[in-house]
Amino acid sequence: MGRILLIVAAVVIGFLLLGSVLGFLLTLLKWALIIGLVGVVVVFASRLFHSSNARD
């Protein structure tokens, strides 16, 4: 009986740790996507303004 409870406790702790790690990884992915999107917008705006200044 004690061995079964130990296995159940290990599984529960494993799921808790897995949830924390997945949450952290998804947060990193979210911030990477936000920073990437901001970078793409900055590059697009820079090229847009640079090309409009070249025509003048």
Counting only pairs under 3.5 Å, give me each side-chain donor-acceptor contact of residues 36-44, with atom names and distances, residues two or more places apart or in other chains.
none

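- In this structure, Leu17 shares a hydrophobic cluster with Ile13, the cluster being traced through Ile, Leu, Val, Met, Phe, Trp and Tyr side chains under 4.5 angstrom apart.
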Donor-acceptor list for residues 18-29 side chains, cut-off 3.5 Å, not counting sequence neighbours:
unit_1: Ser20; atom_1: OG; unit_2: Leu16; atom_2: O; d: 3.2
unit_1: Thr27; atom_1: OG1; unit_2: Gly23; atom_2: O; d: 2.8

